[in-house]
Amino acid sequence: MNICTKDLSQELSEREGVETILIEPYQEFKITVDQQEKIFTGPAVILINQD
């Protein structure tokens, strides 16, 4: 079975317990966990799965 990442992300984003954050093109964003920090540039989709 070959399912594209976009379709998988869309399916997950519609589920209960999943929060979706959309990052626009060229928008910079930072993810910090404990002491580790990573900086990225959009476009991006962040899926937070707390299920």
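Everything quoted here is computed from the prediction, not taken from an experiment.
The CD1 atom of Ile21 sits 12.5 Å away from the OG atom of Ser13 when rounded to the nearest 0.5 Å. Remark: Gln10 CD to Ile3 CD1 distance equals 13.5 Å, nearest 0.5 Å.
Note on residues 12-26: pairs passing salt bridge (Lys or Arg N to Asp or Glu O under 4.0 Å), not counting sequence neighbours, are Glu11-Arg15.
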Got a list of side-chain donor-acceptor pairs under 3.5 Å for residues 29-51, not counting sequence neighbours?
from: Asn49; atom 1: OD1; to: Asp51; atom 2: N; distance (Å): 3.0

